[in-house]
2 protein chains.
Amino acid sequence: MRIGVLAKAAGVSVPTIRYYESIGLLTPPARLGGQRIYGVEALNALSLIRHCRALDFSIDETRDILASVERRLPCSDTKSFAEKHLGAIRQKIAELRALEARVASLVSGCETTCCGSTAPDCVILQPGCGAA
Amino acid sequence: MRIGVLAKAAGVSVPTIRYYESIGLLTPPARLGGQRIYGVEALNALSLIRHCRALDFSIDETRDILASVERRLPCSDTKSFAEKHLGAIRQKIAELRALEARVASLVSGCETTCCGSTAPDCVILQPGCGAA
DNA sequence: GCTTGAACCTCAAGTGGCTTGAGGGCGTAG
DNA sequence: CTACGCCCTCAAGCCACTTGAGGTTCAAGC
């Protein structure tokens with residue numbers, strides 16, 4: 001199949017496929033008249049890549065996962081990738097929740113404290129206020 | 001003061017200050033012998049920028065906030081920036097929580113279902129599994 | 001056989017918010 | 001006068017693509 005067909009089948013854009021090839025994530029396919037011709041294994045690989053990216057694995061992590069699939073490594077490897085990733089996600093959530101609390105308290109502080117003053121005096125913008 | 005002193009006082013790096021100047025976030029200061037000489041107002045501005053960035057406002061949002069401070073706009077403007085930002089933070093948290101649930105269920109699915117199989121067959125990597 | 005239009009090709013630059021590095025100039029203390 | 005630290009500019013790198021320019025190939029209709 002040609003690149004446009006592959007793109008639709010896998011649900012990614014055509015330039016993205018070429019980008020994945022350029023960084024060595026997809027192996028370069030055969031060419032006919034200069035145009036890329038893909039087989040089913042390319043669709044499988046690309047679908048897996050898309051799955052990993054949808055789970056927010058980085059390109060490098062995705063590369064490692066692809067390698068573990070190609071080498072038929074045990075499932076426990078896959079699980080440890082996912083667990084590590086899960087830890088990163090949870091850490092980011094924790095950071096964002098702390099930030100949320102900080103901004104929320106600044107907003108409510110503004111509502112109660114600086115009623116009707118000007119931006120330079122707003123509690124939201126005071127350097128010390130809401131520091132980590 | 002010179003750029004290194006300003007950097008330490010405000011808690012940012014020297015290249016960051018030059019970067020902020022290059023994108024028009026900080027106004028270019030006077031020069032002595034080619035070197036930047038800053039006054040106290042630059043420290044105030046840079047501290048405010050740092051505060052906004054620590055609250056994870058984007059550069060563009062920070063630029064708008066700086067403008068509202070310079071124009072002494074009412075505090076309500078500042079609050080609406082913060083509220084909009086808070087909404088964005090909460091949305092990102094919601095997305096990450098959905099992702100967390102997805103990955104967590106894949107991991108536990110791997111533990112219960114695919115005991116000891118290989119990566120290509122692991123439930124974590126099956127395209128349909130855990131889709132949004 | 002010729003034309004048209006869609007799909008394909010490569011290469012370069014842009015996104016955000018800096019950081020890092022190369023290669024040099026200025027200022028001051030010994 | 002030399003050594004050292006601080007300063008300067010400009011360019012490239014990070015991540016994961018997207019967008020655009022300018023040109024080639026393919027399939028279909030006449």
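We name chains A, B, ... by the order of the sequence lines, and we start the count at 1 in each one. Values reported hereafter were calculated over all heavy atoms of this structure, with side chains retained and with hydrogens, waters and symmetry mates removed.
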CG (B:L73) and CZ (B:F81) are apart, to the nearest 0.5 Å, by 8.0 Å
How many Å lie between CD on A:Q35 and C1' on C:dA7, as a whole number? 7 Å
Base, sugar-phosphate, or nothing for B:I23, non-hydrogen atoms under 4.0 angstrom? nothing
A:Y19 vs A:L25 side-chain heavy atoms within contact, under 4.5 Å: no
How is B:R2 classified with respect to the nucleic acid when contacts are heavy atoms under 4.0 Å: base, sugar-phosphate, or nothing? sugar-phosphate
Length of the line joining B:Y19:OH and C:dG16:P, which is rounded to integer Å: 8 Å
Which residue lies toward the 5' end of DNA chain C, B:G34 or A:R31, if each is placed at its nearest nucleotide? A:R31
Can you check whether A:F57's main-chain N or O pairs, donor with acceptor, with A:R53's side chain at less than 3.5 Å? yes
Donor-acceptor pair, side chain of A:E83 and main chain of A:T78, under 3.5 angstrom: no
A:I3 CD1 to C:dA6 C1', in whole Å, measures 15 Å
5'-most by nearest nucleotide on DNA chain C - B:D60 or B:P15: B:D60
Backbone of A:V103 reached by a side-chain donor or acceptor of B:H85 within 3.5 Å: no
Between C:dT19 and B:S13, is there an OP1 or OP2 to side-chain N/O distance shorter than 4.0 Å? yes
Heavy atoms of chain B, cut-off under 4.0 Å: which first and last nucleotide of DNA chain D, 5' to 3', fall inside that, if you could look? D:dC7 to D:dT9
Between A:T16 and A:G33, who's closer to the 5' end of DNA chain D by nearest nucleotide? A:T16
Calculate the interatomic distance between B:L46 atom CG and C:dC18 atom P; express it in whole Å. 11 Å
Looking at every strand, decide which applies to A:Y20 at a 4.0 Å heavy-atom threshold: base, sugar-phosphate, or nothing. sugar-phosphate
Give A:L32 one of three labels, base, sugar-phosphate or nothing, depending on what nucleic acid heavy atoms sit under 4.0 Å from its own. sugar-phosphate
Charged N-O contact under 4.0 Å between B:K84 and B:E61: no
So what does B:R18 touch, heavy atoms closer than 4.0 Å: a base, only the sugar-phosphate, or nothing? base
Quick check on A:R50: does its CZ atom have over 12 non-hydrogen neighbours (other residues, nucleotides or ligands) under 6.0 Å away? no
Atom CD1 of A:I17 and atom C1' of C:dA7: how far apart are they, to the nearest Å? 13 Å
What is the separation between atom CZ on B:R53 and atom C1' on C:dT19, rounded to the nearest whole Å? 14 Å
